[in-house]
Enquirer: 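First the structure, then my questions, so here it is.
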Amino acid sequence: MLDEARTGHAAAIDTSIPALEMVGIGKRFPGVLALENVDLRLEPGKVHALMGENGAGKSTLIKILAGVYEKDVGTIRIAGREVEIRTPRDALSQGIKVVFQEIALIPEFTVAENIFLEDYPTSGAGNIRWRKIRDDAAALFDRIGFKVNPDARTGDLPVSQQQMVEIARALASEARIVVMDEPTSSLTPTEVEMLFSVIRRLTSLGIAILYVSHKLDEIFEIADTVTVLRDGRHISTQPKTAHTSDTLIRDMIGRQIGDLFPRSRGAGTGDVVVGVSGLSTAKLADIAFEARAGEVLGVFGLMGAGRTELAKALVGYDPIRTGTITIGGSPLCPHDTRTAVSLGIGLLTEDRKTEGLMLELPVMHNMSLASLGRFANMSFLDEKRERSAVQEFVDRFRVKTPSLEQHIKNLSGGNQQKVLLARWLMRGLKVIVVDEPTRGIDVGAKSEIFALIDRLAAEGLAVIMMTSEMPELLGLSDRIMVMAEGRITATMGRDEATQEKILNAAIA
Amino acid sequence: MPQSPDLALAPRPAPSILATLARRNEVALLICLLALIIFFSLASSSFLTPRNLTNVLGQASLAMVAGVGVAIVVMSGEIDVSIGSLAGAVGIPLVTIMNMTESLPLGIAGALLLALVVGVVNGYLVAYLGINSLIATLGTMFIIRGGIYLYTGQRSIPDTAYLEEFFQLGNGRFFDFLPYPALISLIILAIFIYVMRMRPFGRQIYAVGGNPEVARLAGFDVRRVKFICLVISALLAGVAGILLSSRLGSAVHVAGLGFEFQVVAAVVLGGVSLAGGVGSLVGVALGVLILSFLSNGLGMLNLATEWQLVVTGGIIIAAVAFDEFKRRNQKQ
Amino acid sequence: MTETASSVAPPSRLRALTGNNEIVLIVILAVLCVLISIGAPQFYSVENVVAILRQCALVLIVASGMTMLLIAAEVDLSVGASLAFSGVVAMDVTNKTNSVLLGGLAGIAFGASVGLFNGLVVTRLRVNSLIATIATMMILQGGIYLYTREAVQNRHSIRLFTDLSTGYVGPVPVPVIIAALVFIACYVVLRHTMVGRYIYAVGANEKAARLSGLRSERLKLGVFVFTGMLVGLAGLLLASLMNTGQPTAGRGFELQVIAAVILGGTSLMGGRGTLIGTLLAVLVLKVIDNGIIILRWNQDLQMIVPGLVIIGATWLDLVRRKSDAR
Amino acid sequence: QEIPERIGYVVNYATHEWYQNVIKGMTDRANELGIELEVRDANQDAARQVSAAEDFMSQGVDVLIITPVNEDGVVPLLRRAAQDDIPVVLEGNPVRGMTTMVAICDYDTGYHAGVAAGEYARDNFDGQARVMNVGLPLLSATVLRSEGFMDGLRTILPEAEMVHDLDGGGNPDRALEVSSAALAQNSDINIIYGINDNSAQGGLQAWKASGRSQDGLLVVGTGGEGLGFINLMATEPAYQIEAAMFPEKVGYTTIDAAVSLFNGEEVPEHIVSPTATMIGDEWQQYYSVEGTTRSINWENVNAVPAADACMKTAADL
Ligand SMILES: Nc1ncnc2c1ncn2[C@@H]1O[C@H](COP(=O)(O)OP(=O)(O)OP(=O)(O)O)[C@@H](O)[C@H]1O
Ligand SMILES: Nc1ncnc2c1ncn2[C@@H]1O[C@H](COP(=O)(O)OP(=O)(O)OP(=O)(O)O)[C@@H](O)[C@H]1O
Ligand SMILES: [Mg+2]
Ligand SMILES: [Mg+2]
């Protein structure tokens, strides 16, 4: 479908004029100048990478292009013609397809229906052709190579699969420009490879790609040109070949980053703080392991291996069937997050929006939620103390927010993640479980978070880190545990771990 | 990069019809309805007669027609509580025009015109001015009811044209069997079940209610969809009001008081989530029927009002709790 | 303030107080008062002001609890039926025990147990609170007639009982003082305590709140019970004011309360709302109600004008917020 | 005379004290005659009333009794009952096309209470009569009562004035609320008329809540259906006049009318049920109270004469 449907279209694409020009774009939000005089130029058949720290304005620029926000100033030209994009419909009719950073699917619909949401195939009488929708969706997935069940209810799928649906959707009908805002944030390396082969096929048809990612290796693999934004301003646009990692990072954050994976401690050999034995839930079978104070226990698995399930069982969120969990020696009542938290275990969830953020509440209330007891005197809050504690974390983590009163929904994804991490660190825990902690986080913040995790372990916390990022796993973990299909298939020390060994265990 | 393993995620075959049926949330409601019917048949000899069963269908028709409209609005993520007042109000143009012109079609046209106006106002307030739908329709609910009282001086308007069609509309029976209101409500139900399932617009309603931001990104005109839903709801409330008016043979100023409560309760009982985006019209129909059969059956048992209220309340809670329990068990 | 960074400074008191749609309500209230008193100077008579405040008191007491419930993303439609029932219980128990304290406690305990029932149905059986409390409303409407078919008369003739609603402390009627205390307590809880924060958090995102270690169900249950208690208290005051326990009282009271809470800017979706807004909204609605009688207008306008004000105020607030955002 | 087997009664509002007593009278009479009486409640919902009557017709009751929620709203029902050959007795309000109705004369009831109030005001208030009507415009019956009251009052005191005409919803709490505002506006009110006992009580409580003494006030209630008015007359000095409407008697008479109709006898279109004005402790002639039970003194109630026709009916409004 991809190719057939497009051949006619591709012939119409004139490769000599830019597919898209955005000139002098400016956008202000209350209290924030998100974009100031930004230029961007996409060539047909080329992959253009857009980079920058969290909150640099990448998503804002994309949303202006997609008709989600209206720009304050500037002009947009598509294939040389000036256009006004006011609504998403305008963007779609200009042939602009966007894979958004936040998943934009209807959870109640099936995967297949979501893919054809923008344009239902209908019969002559105007009735929806459900069979065709399902078959075309299945065919589309086959072609791309993604393994997603087109009949599944979208909301039941893990984030990674939802992301694949998003990507597939952008490819379902013809487009001139495909924009991808961090499309790979929850994909495994194999799936990323599949995505790249799709992108190459698209570019060969003359389609222009705008690609946003915080992953430098991806950029160096797929991009032709790189534009860097910082604080809403255009910093540089250069061919990829003119960049090295260092120059790119310097452009992005305006300084050099030292070691991405710092190490300030020896191997963790403290007391056992987490003990799990014989744990089974609906998705997990017979899990047993220990985590010690002062160590980082990395947990690797392919999508659907059950890491998120384990994380939620550990903090008493999901009910467990059999088995015991002890935190610092005390047994954890199943299905009771309150005792779990008071025993000193917290979870930084994988899905920020539905399981972490209180979108309508200010940054301050979001951050201090788990540790209000610290600022309370017989339940009465000392707001001054709370405020300064929150401000301290905002400064330390460089959370970009105009004020502590800002609704957290207006922060960029990366900054939201920092607030959520701070929610736990402010409380002071014995064990922290982090599920995909750096998803959607820029290099600068990433290195800060790595340093933080390292420091937390050094201070005697046990850190259990679920991650799909091999470098992060190998770089930070003291021990590595691999899961597959709800079981632990291997546990190894930092020194014995290799990429091969880990992946073999994950497939088993 | 090692080759990707094929991890159990191969597309499943399309699920069988039977399996889909068993998973539907309507099943719990259907069980409740059947249990009620069986119970009342055993308890009262006059319950399971064709006359009584068709009677109940006729009695359920008002809530059924209006319920379809409210359900659609709720699925689109909004709510409409002005329907009770509106159903009462449409009787005024209906009867007045009939009395003047001796024509039922003209009266109906006048009634639907009023409903349309109210629907457009509700829709404009909610979709285009962005006023929360509960606030907007609670406001129009008060305004319309006050308007009825003010206009009629709190008197009913009798039908003095004595049109036979007007009497038959609410009181007659199709082939001497099915009351016309029941027939009309079933037709409307069927049309909207078809729209919600087979027409892109129906899917847009679900999408808009499920996640308006996503719907907007998919290029839907969210405001237009919501606007149309509120207009549909008002028109259907208007139809219910016309049927009610015919059953009452006049424009009664207190008609439809508390109707919105009944309808919203039936809609929620039918499994439509107030958060929007979820629910089916079959469920709504079952919810309406459960409440109607309950009211009829308890009457047959000669239960005092106070016991009827207590039992009805208890059964509503039990039915929703059962539905919820079933849903949770399925997830496990 | 100076020693910390400037961004640490808390927003000014005034802004905090008027941050929401309250400014619109204040303006509406002022305009109403001025216009009505031009038309009928009796509006400002002590007697009338007291009458208005006394009416506000009943609604405000319940609306304070309802605001918390709505912020926690739940709702209670059974408050009208429960109001009448707890008044009946309070009067009956006072008759039987000759003790206002016991009677009052019984009324409040009755209201609280209705709240408990609602809370359990909502949190344990997971029944949506709108439909659960419609069902409770029906059960109570039936139950009250099973309890008594007639209004329960005052047979004890204890002064204290009637003083609860008609007495004064200085120039201020007792129910107004009670309402003020309830309001202040709720305000403090909601704004300055952990519980208040938790209520907002649970309403804004229940999953996230639970993962942060809150017991969301217990919290909601607590708010239901607390609202129920306030209903019981209001029922006691109503019984005192009527000097009977009236099974027919409280019709449409739930709509009055909910109209006030949402006019005050509290979101039905949870996580947003303020008590000041509720207070102002109660005042606005009761002033309209009173003004129409004082002005001798047709009482049918007592439905139309509030309807217009609810829509108009919400719209004005939207306009104001949009222009603020620029 | 043949006795019908089953009679169905669709009541307007079964939980209201008035109707409870109507039902009590009906049940007593039906039991005496060995009739099975079934009651369905419309609960003030016109649509529900139609459904309930429909159910009775499909069950095939011998006679149908209806208290209309709204008098125009049962016209089609009468026609359908005629199609099914079921005789219908109306209670309370006249309906176009009806055969017979049992009802008190609302206007007359108010009128006689007005006369009594006029005499009271002439003797006690120097002839001053400034009335606050705690009314209910929603129902024609209650509008008639208020009109009758003012007309009766003016026969004694032509200067009498209705200074505030309120819609108290017929509920005690709403009546109290609107009365409070009216009292604040008109401080010279000295007579409170309530279209039912709840309305009169609401008005009186509003008076008391405003801190006034009951000297120089007269409260007139209507209905006399429960214990409420007895308690009020016993404890509140201003509550001096009650227009009693004897609901039990209405119920009793209605069953008799139903039996006559069943036998195809000629019945008057309007069978008037008597009412009486009770001043001070005159209620003791008709009712006796023991603890919380009130019993009716049938002998005296049956002795109250009923008018042949009403002075004014809903048709005159
Ligand atoms: N709707 C909004 N209202 C107010 N401020 C906003 C809004 N959306 C974005 N911002 C602000 O605009 C700035 C740019 O945000 P944007 O989402 O474009 O960043 P980004 O480059 O995509 O970051 P990330 O890598 O974290 O996704 C941020 O400071 C953010 O807080
Ligand atoms: N075959 C499948 N089809 C659809 N969903 C599946 C399938 N297998 C697993 N899932 C989903 O995956 C989830 C279990 O995997 P979980 O998210 O715990 O794994 P994970 O290792 O954390 O994966 P991820 O990398 O996505 O975070 C469940 O929520 C389940 O719904
Ligand atoms: Mg972004
Ligand atoms: Mg996961």
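Chain letters run A, B, ... following the sequence lines, proteins first, then strands; residues in each count from 1. From a predicted model like this one, the values you see are computed outputs, not experimental measurements.
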Enquirer: Do B/Asn52 and D/Gln59 have side-chain atoms, one donor and one acceptor, less than 3.5 Å apart?
Expert: no
Enquirer: Do any of residues 249-256 of chain B have a heavy atom less than 4.5 Å from a heavy atom of chain D, and if so, which, in residue order?
Expert: B/Gly249, B/Ser250, B/Val252, B/His253, B/Val254
Enquirer: Answer with side chain, backbone, both or neither: which region of D/Val143 has an atom nearer than 4.5 Å to a non-hydrogen atom of chain B?
Expert: side chain
Enquirer: Are B/Arg247 and D/Pro76 close enough that some pair of their side-chain heavy atoms sits under 4.5 Å apart?
Expert: no
Enquirer: What do the steps show when you test B/Glu306 against D/Thr15 for side-chain contact (heavy atoms from CB on, under 4.5 Å), and what is the final call?
Expert: CA-CA 8 Å; B/Glu306 38 268 52; D/Thr15 44; 4.0 Å; yes
Enquirer: Of the listed residues (D/Asp55, D/Asp167, D/Asp41), which shares the most heavy-atom pairs with chain B below a 4.5 Å separation?
Expert: D/Asp55
Enquirer: How about CD on B/Glu165, more than 12 heavy atoms from neighbouring residues, nucleotides or ligands closer than 6.0 Å, or not?
Expert: yes
Enquirer: Check the pair D/Val50 / B/Gln59 against side-chain contact (heavy atoms from CB on, under 4.5 Å), numbers first and verdict last.
Expert: CA-CA 9 Å; D/Val50 176; B/Gln59 293 163 8; over 6 Å; no
Enquirer: When rounded to the nearest 0.5 angstrom, what is the spacing between CZ in D/Arg79 and CG in B/Asn171?
Expert: 8.0 Å
Enquirer: Taking 4.0 angstrom as the limit, do D/Glu54 and B/Arg173 come out as a salt bridge?
Expert: no
Enquirer: Show, in sequence, the C-alpha distance, side-chain angles and deciding distance for B/Asp159 and D/Val75, and conclude whether the side-chain contact (heavy atoms from CB on, under 4.5 Å) test is met.
Expert: CA-CA 9 Å; B/Asp159 159 38; D/Val75 173; over 6 Å; no
Enquirer: Please determine whether a side-chain nitrogen of the Lys or Arg among D/Asp84 and B/Arg51 lies less than 4.0 Å from a carboxylate oxygen of the Asp or Glu.
Expert: yes
Enquirer: Please state whether the side chain, the backbone, both or neither of B/Asn302 comes within less than 4.5 Å of a heavy atom of chain D.
Expert: side chain
Enquirer: Looking at chain D, which one of B/Tyr162, B/Phe259, B/Phe47 has the largest number of heavy-atom pairs inside 4.5 Å, strictly under?
Expert: B/Tyr162
Enquirer: Given a strict heavy-atom distance threshold of 4.5 Å, which part of D/Gln83 is in contact with chain B: side chain, backbone, both, or neither?
Expert: side chain
Enquirer: Name the option with the most non-hydrogen atom pairs under 4.5 Å to chain B; the candidates are D/Leu139, D/Val74, D/Leu138, D/Leu77.
Expert: D/Leu138
Enquirer: Does a salt bridge link D/Glu71 with B/Arg155, judged by any charged N lying under 4.0 Å from a carboxylate O?
Expert: no
Enquirer: Please flag which part of B/Leu62 lies under 4.5 Å from any non-hydrogen atom of chain D: side chain, backbone, both or neither.
Expert: side chain
Enquirer: Within the supplied structure, the quantity of interest is the number of heavy atoms (other residues, nucleotides, ligands) at a distance under 6.0 Å from B/Tyr151 OH; does it exceed 12?
Expert: no
Enquirer: Please identify, among B/Gly170, B/Gly299, B/Gly258, the residue contributing the most non-hydrogen atom pairs under 4.5 Å to chain D.
Expert: B/Gly299
Enquirer: Less than 4.5 Å to any heavy atom of chain D: does that hold for the side chain of B/Ser292, its backbone, both, or neither?
Expert: neither
Enquirer: Over all heavy atoms of both residues, which pair between B/Gln262 and D/Asp45 is shortest? Give the atoms and the distance, please.
Expert: NE2-OD2, 3.4 Å
Enquirer: What is the distance from atom CD of B/Gln154 to atom OG of D/Ser140, rounded to the nearest 0.5 Å?
Expert: 11.5 Å
Enquirer: Step by step, would you call D/Asn70 with B/Leu248 a side-chain contact (heavy atoms from CB on, under 4.5 Å)?
Expert: CA-CA 9 Å; D/Asn70 178 275; B/Leu248 299 176; over 6 Å; no
Enquirer: Check whether any side-chain heavy atom of B/Ile157 lies under 4.5 Å from a side-chain heavy atom of D/Asp72, and answer yes or no.
Expert: no
Enquirer: Which residues in residues 17-27 of chain D have a heavy atom less than 4.5 Å from any heavy atom of chain B?
Expert: none
